[in-house]
Amino acid sequence: MARLVIGQKHGSEHEASSMRASWNTPHPTPRTGMSYGGRMALSFAMTSLVTVIILALVVTVVWGGAFSDYTRANMEEIANIAAAKLHETYKASGGWTPNGLKSVADSSVISDDIGMQVMDATGKIIYDDTWPAAYAASAGEMAGSAHAAKRGPVSSAPTDPESAVVAAVVTEDGTQIGQVRLWVLGSDALLTKADTAFRERTFNAMGLAAMIAVIASVIVGFLVSRMFTTPIRTITETARRIREGDLSARTEMRGDDEIDQLGGTFDEMAASLERDLKRERRLTSDVAHELRTPLMAIQATVEAMQDGVYPTDAEHLETVAAETRRLARLVQQTLDLSRQENHAAPLRLDLVDIVQLSKTIVNNQHQLFRDKGLHLRFMDETQGKSAKITCDADMITQCIINLMSNAMRYTPEDGWVVVSVKGDRKYVMITVSDTGIGIAKDDLARIFGRFWRADASRAREAGGLGVGLAVTKQIVERHHGFIAVESELEKGTTFTIHLPRELEAEPVSTTMKH
């Protein structure tokens with residue numbers, strides 16, 4: 001493995017390893033693993049399954065208890081009907097008879113899976129479905145006699161009170177002549193075959209519903225995941241194309257939901273990135289041209305003086321000095337923009353009279369404008385109101401000079417440039433108006449961008465890198481103000497700086513030293 005180490009010092013292995021770093025280019029292929037759509041479908045399925053399980057537990061506890069109460073109440077009703085029939089047979093026969101007991105046990109009231117036990121008034125069992133048939137008949141015959149006390153066979157009826165129901169057999173005058181006890185054969189929960197079948201069908205239906213719910217959740221999760229992942233894949237594919245150099249790639253997503261807004265914001269970011277990259281390419285050409293012109297003039301003049309073509313006099317030295325100042329000015333513009341963007345230049349706040357500051361600037365620039373064949377004028381429109389605010393006088397001066405220089409650069413000879421100051425309760429406004437070439441409507445939103453210039457050929461002829469307005473914007477925003485601009489082609493442009501009368505404190509930032 002090839003390694004390149006520059007300026008490495010001798011030291012321990014630990015010191016060498018502590019300086020090691022690594023970096024990877026973006027992965028050309030997606031990482032392996034479950035996709036977002038698969039995870040969402042699985043999440044839907046798991047949510048549905050958990051919901052069904054919780055529902056099944058709740059239904060089992062609540063519905064199971066209610067169903068048990070229902071089956072017991074049903075069995076109690078059957079016991080009461082059997083008691084009424086036993087009273088009828090007792091009354092018709094004049095006592096307990098085997099046939100009467102057997103007829104009640106075999107009637108339609110008592111189903112095949114229900115056991116019956118009958119006791120007389122003394123509590124002695126006189127009939128039991130679990131007894132042998134011969135003994136049941138003899139017991140019925142002996143009911144009420146002295147032999148009725150004879151011990152019978154052991155009954156297999158349930159002994160747990162919860163597993164059976166008991167109803168009293170009473171006459172019309174309320175005399176209790178016996179009891180009837182019912183239970184379900186083979187069940188301790190009083191569930192007949194019909195009840196058991198109903199419960200099984202209910203749980204089977206719940207299981208089927210759970211399966212259908214899980215399958216439906218998987219399908220819905222898959223469809224919803226596709227709805228989410230399709231635009232995400234579109235954004236990802238667009239980002240990949242931009243990464244590979246296709247700066248014109250866009251998602252073309254439109255809509256009001258959050259993902260469509262994300263796609264729209266991504267397109268705006270891509271468009272901004274494309275514009276910035278184009279400006280950087282243009283900047284490379286502009287910087288090369290702007291720096292080459294004074295450098296070539298300096299080089300030609302110096303070489304001519306060295307070769308004796310030009311005399312080394314004040315005139316030619318002034319040419320070299322002028323071009324050097326031009327170079328310094330171009331570099332300073334770029335440096336000013338960097339400092340303002342990084343808040344490296346601290347604000348030196350003082351109470352400043354904007355009217356007096358602007359008037360002084362206009363007076364100092366008056367001769368320069370006259371040399372360019374332009375008319376420069378200052379107007380105080382404050383109507384006697386105070387225009388004193390807290391600001392950085394040097395930075396505001398730079399803003400005004402940038403706007404005035406911009407107006408001078410793009411205003412034809414014999415044109416007018418007017419600087420005025422006015423104010424209201426909230427802001428003090430500094431306006432710079434000209435009668436120049438104006439700015440196209442489509443360009444107004446971009447004029448404060450870094451290295452922006454309206455028309456490449458005309459801007460290059462006028463000189464400059466196109467950072468003056470960007471620096472002005474940064475300075476005004478640091479003062480918590482804003483700039484308004486109005487323009488009409490071939491009529492002129494008006495820039496208005498709004499500075500607040502009450503300046504909020506700027507966050508503390510590290511000052512860059514140069």
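Each residue takes its place number in the sequence, starting with 1. Just the heavy atoms: all of them, side chains too, but no hydrogens, waters or symmetry mates, feed the values below.
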How about Asp256: does its CG atom have over 12 heavy atoms from other parts shown lying under 6.0 Å from it? no

Does CD belonging to Glu77 count more than 12 external heavy atoms closer than 6.0 Å? no

Looking only at heavy atoms, which two atoms of [X] and [Y] are closest? And how far apart?
X	Y	value
Arg72	Ala164	NH1-O, 3.6 Å
Val165	Ala79	CG2-CB, 4.0 Å
Val169	Val180	CG2-N, 4.3 Å
Met253	Gly263	SD-CA, 3.8 Å
Ala393	Val352	CB-CG2, 3.9 Å
Ile125	Asp128	CG2-CB, 4.2 Å

So [Y] and [X], do their side chains get closer than 4.5 Å, heavy atoms only?
X	Y	value
Phe495	Thr431	no
Ile242	Leu273	yes
Ile259	Gln261	no
Leu489	Ile437	no
Arg348	Asp394	no
Ile430	Ile400	yes

Suppose we screen for side chain to side chain contact (heavy atoms under 4.5 Å, CB included). Which residues come up paired with Asp106, at least two apart in sequence or across chains? Lys102

Once side chain to side chain contact (heavy atoms under 4.5 Å, CB included) is applied, do any residues pair with Leu223, and if so which ones, sequence neighbours excluded? Ile219

Just by modelled atom types, is the [Y] backbone N or O under 3.5 Å from a matching donor or acceptor in the [X] side chain?
X	Y	result
Ser103	Asn99	yes
Ser272	Glu268	no
His479	Asp392	yes
Asn74	Tyr70	no
Asp120	Gly178	no
Thr493	Ser487	no

N-O pairing of [X] and [Y] below 4.0 Å:
X	Y	answer
Glu274	Arg250	yes
Lys473	Glu477	yes
Arg240	Glu244	yes

Residues at least two apart in sequence or cross-chain that pass ring pair (Phe, Tyr, Trp, His ring centres under 6.0 Å) with Tyr90, listed by chain then number, are Trp96

Could I get the full list of ring pair (Phe, Tyr, Trp, His ring centres under 6.0 Å) partners for His498, not counting sequence neighbours? Tyr427, Phe482

[X] [atom1] to [Y] [atom2] distance, which is reported to the nearest 0.5 Å:
X	Y	atom1	atom2	value
Ile354	Arg501	CD1	CZ	10.0 Å
Trp183	Ile114	CH2	CD1	11.0 Å
Met46	Ile53	CE	CD1	7.5 Å
Thr175	His87	OG1	NE2	9.0 Å
Cys391	Asp350	SG	CG	8.0 Å
Ile497	Leu403	CD1	CG	4.5 Å

Taking salt bridge (Lys or Arg N to Asp or Glu O under 4.0 Å) as the definition, give me every residue that meets it alongside Glu172, ordered by chain and number, with sequence neighbours left out. Lys91

Using the rule given for salt bridge (Lys or Arg N to Asp or Glu O under 4.0 Å), can you reason through Asp267 versus Arg254, listing the C-alpha separation, both sets of side-chain angles and the distance that settles it, and then say yes or no? CA-CA 10 Å; Asp267 285 347; Arg254 302 291 184 271; 3.7 Å; yes

Assess the residue pair Leu101 and Thr89 against the criterion (side chain to side chain contact (heavy atoms under 4.5 Å, CB included)); give the C-alpha distance rounded to whole Å, side-chain angles, the decisive distance to 0.1 Å, and a yes or no. CA-CA 8 Å; Leu101 296 173; Thr89 59; 5.8 Å; no

Any side-chain donor near an acceptor of the partner, Asp246 and Ser248, under 3.5 Å: yes

Given Val485 and Thr494, is the side chain to side chain contact (heavy atoms under 4.5 Å, CB included) satisfied, shown in steps? CA-CA 6 Å; Val485 56; Thr494 299; over 6 Å; no

Contacts of type side chain to side chain donor-acceptor pair (under 3.5 Å), residue Gln176, not counting sequence neighbours: none

Using side-chain contact (heavy atoms from CB on, under 4.5 Å) as the criterion, point out the one residue from Val432, Leu469, Thr472 that pairs with Cys399. Thr472

Carefully, step by step, assess Val118 and Gln179 under the rule side chain to side chain contact (heavy atoms under 4.5 Å, CB included). CA-CA 6 Å; Val118 181; Gln179 287 183 328; over 6 Å; no

